[in-house]
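To start, the structure under review is shown below, and the notes come after it.
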There are 2 protein chains.
Amino acid sequence: FSNLLPAPGGEELTRGFLQEVVDILLGYISKSSQRSSKVLDFHHPHQLKEGLECFSLDLPDQPETLEQILVDCRDTLKYGVRTGHPRFLNQLSSGLDVVGVAGEWLTSTANTNMFTYEVSPVFVLMEECLLKKMQSILGWSDDVGDGIFCPGGTISNLYSILVARYHFYPEVKTRGMGVLPQLALFTSEQSHYSVKKSAAVLGMGSENVFMVKCDERPASVLSHQALVPFYVNATAGTTVYGAFDPLNAIADICQRYTLWMHVDAAWGGGLLMSDRHKMKLQGIERACSVTWNPHKMMGVPLQCSAILVKKRGLLQECNDFGAEYLFQTDKNYDVSYDTGDKSIQCGRHVDVFKLWLMWKAKGSEGFGSQVNKCLENAEYLYDQLQRRTDFELVLKNKPEHSNVCFWYIPPSLRGQPPGPDRDARLHQVAPRIKGRMMEKGSVMIGYQPLGDKVNFFRCVFSNPATQQEDIDFLLDEITRLGDI
Amino acid sequence: FSNLLPAPGGEELTRGFLQEVVDILLGYISKSSQRSSKVLDFHHPHQLKEGLECFSLDLPDQPETLEQILVDCRDTLKYGVRTGHPRFLNQLSSGLDVVGVAGEWLTSTANTNMFTYEVSPVFVLMEECLLKKMQSILGWSDDVGDGIFCPGGTISNLYSILVARYHFYPEVKTRGMGVLPQLALFTSEQSHYSVKKSAAVLGMGSENVFMVKCDERPASVLSHQALVPFYVNATAGTTVYGAFDPLNAIADICQRYTLWMHVDAAWGGGLLMSDRHKMKLQGIERACSVTWNPHKMMGVPLQCSAILVKKRGLLQECNDFGAEYLFQTDKNYDVSYDTGDKSIQCGRHVDVFKLWLMWKAKGSEGFGSQVNKCLENAEYLYDQLQRRTDFELVLKNKPEHSNVCFWYIPPSLRGQPPGPDRDARLHQVAPRIKGRMMEKGSVMIGYQPLGDKVNFFRCVFSNPATQQEDIDFLLDEITRLGDI
């Protein structure tokens with residue numbers, strides 16, 4: 001490796017080596033899009049740790065050869081999971097957008113940091129441009145709006161609570177929670193666990209997050225007299241069901257009681273790109289802050305998540321500490337572009353370029369078509385499930401997002417009356433089938449229990465490569481694996 | 001783009017397009033290692049925003065052509081900063097390791113998430129393997145040690161405060177800071193601003209972070225009677241001077257008063273790879289937690305930062321919320337490998353593969369040589385500065401790390417007596433030269449004031465591509481630009 005660049009004369013070897021890596025990656029990309037490829041080649045942790053053929057995880061004292069490095073690359077991909085496969089339906093993030101991948105390759109080659117314009121002139125401006133576009137899609141007027149890209153939706157939601165707290169109690173920054181009243185946060189029972197997790201991190205206590213039942217009248221939550229309510233999280237696209245909270249009704253409450261309204265649209269935000277589906281987020285323009293993850297429904301490679309904050313300047317005030325070694329005020333350019341002090345991070349990965357490049361390549365309309373395609377897939381699956389007697393839908397209504405939740409009813413349970421006995425047996429069906437699925441590697445789909453409902457499958461579509469034939473295959477495969 | 005994969009027959013177009021992107025990137029890499037290339041092609045924000053030739057930041061409704069996407073890629077690199085250039089000495093992270101870049105290209109192609117073994121079998125095990133190795137290098141025994149890779153050193157430092165607080169006051173997770181005494185944190189005046197920033201985020205208040213003067217006896221800091229001290233941050237490699245706190249002396253205090261000892265070795269951790277320099281971190285084995293950023297002194301592409309925690313299980317207990325849709329306990333494999341609930345994030349980018357691959361390619365010894373090389377560069381610069389009358393060292397002692405801090409004294413100030421007038425004029429020298437440097441694009445180096453010292457240059461070496469000739473060039477170039 002001492003012969004690769006920057007070694008003198010390392011040019012040819014470097015090009016040759018990187019080209020071989022690229023050939024491996026191109027082969028992987030093309031194979032991942034073929035239905036004849038497995039989604040994964042499953043091994044248990046102990047099997048991978050013991051080492052397989054030429055593949056060892058151990059870190060050596062002495063260098064390995066370049067040939068071995070290439071073998072390591074091949075094996076890493078071989079034993080991984082093809083999240084870009086059209087039959088990977090396991091996660092809200094899936095697919096492998098070719099332009100997005102190109103964007104990420106360039107990002108890692110540019111290898112820079114978002115903290116200052118000085119070292120990221122182009123990427124800082126791209127971030128500004130993307131945030132403005134997203135704000136205008138939310139329906140915010142030009143004279144409001146701020147935001148930042150950050151490492152995932154949970155951190156975006158954490159930002160929302162952080163800035164809300166600072167907005168009402170700016171003294172918290174210097175003096176801490178000790179000088180504040182006991183604060184209460186509200187979110188729906190089916191919201192993402194990040195609201196509780198973030199409240200714990202921020203020193204607010206997870207038990208001060210009140211989980212509102214989905215059928216509860218929102219006003220009744222305000223009767224917790226000992227605490228001071230200040231923050232409401234509404235979800236646009238819940239993780240399991242893909243459900244949308246009634247944003248306008250929540251906004252009315254927030255307005256009446258002067259509460260911060262956050263909308264977690266990590267998953268549902270993508271629907272704003274579709275003329276057909278954006279009305280599901282009506283009222284989002286009234287939110288004080290919004291989480292929106294382009295790495296989910298818009299198919300952008302991981303990670304790409306934005307927190308959008310309506311009140312301009314709040315992120316900066318809440319988080320800045322003006323480190324002079326980084327944010328010098330006597331630079332030769334307009335230092336308002338040194339946006340790093342808005343962040344709770346110091347160094348910050350460039351997450352914007354791949355999204356910017358995909359936007360150039362698809363246009364807003366292309367994102368809209370992708371979203372429509374994924375929701376059509378969900379409707380198709382919903383229709384198929386209604387027709388089949390070996391499956392049962394968890395929710396009877398047409399899906400609002402691309403989540404479809406269902407049970408597979410194996411022959412032994414069909415016709416058995418509902419009750420604890422049937423529930424106990426049904427609870428074991430999805431994990432057993434999922435295990436077989438992974439070992440066979442033919443398809444991947446998630447499952448979980450929720451509330452009083454025993455383990456059920458959740459299928460989600462965010463990869464536009466998935467076709468109706470994959471959905472047919474999924475149901476047939478579940479039947480095959482379930483009847484073993 | 002509808003003709004790229006996954007479109008039927010998109011194979012050839014996809015390969016062709018990605019190959020063209022790769023050719024652009026290979027050209028960039030090779031040019032970045034040439035001293036005849038500029039480090040940057042500076043433009044002011046308004047110039048880039050107005051658009052330059054074919055380059056426009058605007059996001060379209062309709063797709064652009066693939067040809068235009070390639071132009072966009074070229075232009076993005078053209079107007080950026082070559083952080084891999086041997087004369088980019090501006091940041092603690094620099095250089096462009098070819099194997100690291102290959103690792104990052106593969107990571108983005110695999111496009112997966114660290115939260116579960118299910119979707120990241122290989123990467124989860126690589127993380128475990130790297131953490132164990134790093135713990136053993138710290139000198140921790142096999143039966144202790146835990147950790148996680150996270151988005152940057154500031155978040156790693158935030159974790160250290162978070163787990164320390166939970167360790168002493170586990171009720172904070174559910175009940176919040178309101179039920180705790182007023183806590184105090186201690187750190188040195190010259191430590192990174194992330195300690196204060198994190199204390200603010202965590203609801204502890206930045207004014208409860210006490211900045212200990214570097215010549216103050218550590219024991220005297222414990223006299224703040226109204227507050228309960230619980231956490232001490234020691235720095236191994238400060239940001240500006242590269243100084244090392246006396247870890248054993250601090251550990252003695254922490255042991256005596258039962259305080260959490262964190263070592264921020266984000267910058268200095270790399271020296272542990274060098275037999276020649278690791279003694280500067282003596283006592284680090286006594287820390288309760290350590291931040292170590294391989295993306296700094298070890299030359300790993302951004303981002304790659306680890307928080308290491310001695311007490312096993314603490315990260316999990318502190319952060320877990322057991323979301324059932326993700327961390328099902330009835331999976332077909334050992335779910336202790338689903339490490340995602342240790343994190344304050346939900347989705348988490350794969351930051352480990354590039355480090356793992358570089359470790360394979362260099363071995364521990366290769367990292368050691370790289371570190372030695374960078375510190376030799378610092379000594380060479382120090383020697384040169386001592387010999388020249390147009391420069392003045394900020395610290396008279398030989399640098400402990402690769403930071404070298406100095407003033408350029410322009411002819412008009414030479415011989416002028418020390419005092420406020422000279423200081424005021426000297427304060428303007430570095431920013432003025434830095435501005436000219438950026439406009440010319442020949443070299444990049446940082447500057448800042450610190451304490452009672454007016455603006456001075458800070459040169460840091462973390463790119464092993466930098467040679468003595470670059471250091472000579474730097475000093476000559478400063479002289480040239482300073483005398484205009």
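Order of the sequence lines sets the chain letters (A, B, ...), proteins ahead of strands, with each chain counted from 1.
With rounding to the nearest 0.5 angstrom, the OG1 atom of A:T239 is 13.0 Å from the CD atom of B:E324. To the nearest 0.5 Å, atom NZ of residue B:K197 and atom OG of residue A:S343 are 6.0 Å apart. With rounding to the nearest 0.5 angstrom, the CG atom of B:L125 is 12.5 Å from the OH atom of A:Y79. The structure places CG of A:L302 at 7.0 Å from NE2 of B:H349, a figure rounded to the nearest 0.5 Å. Atom OG1 of residue B:T154 and atom CZ of residue A:R348 lie 12.0 Å apart, to the nearest 0.5 angstrom. Here the CG-CZ distance, from B:N208 to A:R175, works out to 9.0 Å after rounding to the nearest 0.5 Å.
Contact tally against chain A (heavy-atom pairs below 4.5 Å) for B:Y337, B:W356, B:F55, B:F123: the top residue is B:W356. The residue among B:K354, B:Q182, B:Q19 with the most heavy atom pairs within less than 4.5 Å of chain A is B:Q19. Highest contact tally toward chain B, considering only A:W105, A:Y193, A:Y333, is held by A:W105 [criterion: heavy-atom pairs under 4.5 Å]. When A:C318, A:C129, A:S120, A:G322 are compared by the number of non-hydrogen pairs under 4.5 Å with chain B, A:C129 comes out ahead. Ranked by heavy-atom pairs under 4.5 Å with chain B, the list A:T109, A:N463, A:L326 is led by A:T109. If you tally non-hydrogen atom pairs under 4.5 Å between each of B:A200, B:P6, B:P60 and chain A, the highest count goes to B:P60. With respect to chain A, the highest number of heavy-atom pairs below 4.5 Å among B:Q428, B:K196, B:E171 belongs to B:K196. Heavy-atom pairs under 4.5 Å with chain A were tallied for B:G435, B:S206, B:G176; the largest tally goes to B:S206. Between chain B and the options A:L59, A:V101, A:V122, heavy-atom pairs under 4.5 Å are most frequent for A:L59. Of the listed residues A:V124, A:L162, A:I24, the one with more heavy-atom pairs under 4.5 angstrom with chain B than any other is A:L162. If you tally non-hydrogen atom pairs under 4.5 Å between each of B:H427, B:E118, B:E439 and chain A, the highest count goes to B:E118.
Residue B:R15 is tested with A:V98, A:V22, A:L26, A:I29 for a side-chain contact (heavy atoms from CB on, under 4.5 Å); the sole match is A:L26.
Residue contact with chain B, scored on non-hydrogen atoms closer than 4.5 Å, involves the backbone and the side chain of A:D61 alike. Within the 4.5 angstrom heavy-atom criterion, only side-chain atoms of B:R458, from C-beta onward, approach chain A. For A:V21, the part lying under 4.5 angstrom from a heavy atom of chain B is the side chain only. Interface residue A:I344: backbone and side-chain heavy atoms are both found under 4.5 Å from chain B. There is no contact between B:R432 and chain A, counting heavy-atom distances below 4.5 Å. Contact annotation for A:L130: both backbone and side-chain heavy atoms come within less than 4.5 Å of a heavy atom of chain B. Contact of A:L57 with chain B is made through backbone and side chain together, with heavy-atom distances under 4.5 Å. Of the two parts of B:V240, only the side chain, counted from C-beta on, holds a non-hydrogen atom closer than 4.5 Å to a non-hydrogen atom of chain A. Residue A:I155 touches chain B through its side chain alone, counting heavy-atom pairs closer than 4.5 Å. Using a 4.5 Å cut-off between heavy atoms, B:L357 contacts chain A through both its backbone and its side chain. For A:T112, the parts lying under 4.5 angstrom from a heavy atom of chain B are both the backbone and the side chain. Only the backbone of B:M204 comes within less than 4.5 Å of a heavy atom of chain A; no side-chain atom from C-beta onward does.
Side-chain atoms of A:Q91 and B:N113 form no donor-acceptor pair, as typed in the model, at a separation below 3.5 Å. Counting only N and O atoms by type, the side chains of B:H192 and A:Y325 include a donor and acceptor under 3.5 Å apart. Between the side chains of A:E365 and B:Q62, at least one donor N or O sits under 3.5 Å from an acceptor N or O.
A donor-acceptor pair under 3.5 Å links the side-chain atoms of B:T83 to the main chain of A:A110, judged by distance alone. Checked by atom type and distance alone, the side chain of B:Q345 pairs as donor or acceptor with a backbone atom of A:P151 at under 3.5 Å. B:Q303 places a side-chain N or O within donor-acceptor distance of the main-chain N or O of A:G347, the cut-off being under 3.5 Å. Between the side chain of B:E11 and the main chain of A:S30, no donor-acceptor pair closer than 3.5 Å is present.
Of all heavy-atom pairs spanning B:H44 and A:Y117, the tightest one is C-OH, 3.1 Å. The two residues B:V119 and A:M444 make their nearest non-hydrogen contact at CG1-CE, 4.4 Å. A:P301 and B:N111 make their closest contact through CA-OD1, 3.5 Å (heavy atoms, listed as atom of the first residue, atom of the second, distance). Here the closest heavy-atom approach between residue B:F353 and residue A:C73 is recorded as CZ-SG, 4.4 Å. Summarising the geometry of A:K360 relative to B:D58, their closest heavy-atom pair is NZ-O, 2.7 Å, with the distance given to 0.1 Å. Taking both residues in full, the closest heavy atoms of A:S108 and B:E104 are given as CB-CG, 3.1 Å, listed atom of the first, atom of the second, then distance.
In this structure, the side chains of B:L202 and A:L202 stay at 4.5 Å or more apart for every pair of heavy atoms. For the pair A:P431/B:K331, no side-chain contact is recorded, criterion being any heavy-atom separation below 4.5 Å from C-beta on. The closest side-chain heavy-atom distance from A:P121 to B:V81 is below 4.5 Å. Counting heavy atoms from C-beta on, the side chains of B:D330 and A:Y447 come closer than 4.5 Å. Considering only heavy atoms from C-beta on, B:Y28 stays 4.5 Å or farther from A:L106 through its side chain.
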Would you sort out whether A:Q328 and B:K434 count as a side chain to side chain contact (heavy atoms under 4.5 Å, CB included), showing the intermediate values? CA-CA 11 Å; A:Q328 303 91 335; B:K434 171 69 176 270; 5.5 Å; no

Side chain to side chain contact (heavy atoms under 4.5 Å, CB included), that's the test. Do B:M126 and A:T76 meet it? Break it down for me. CA-CA 10 Å; B:M126 285 175 178; A:T76 299; 3.5 Å; yes

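Contacts of B:Q68 classified as side-chain hydrogen bond (donor to acceptor under 3.5 Å, both in side chains), with partners at least two apart in sequence or in another chain: B:D72.
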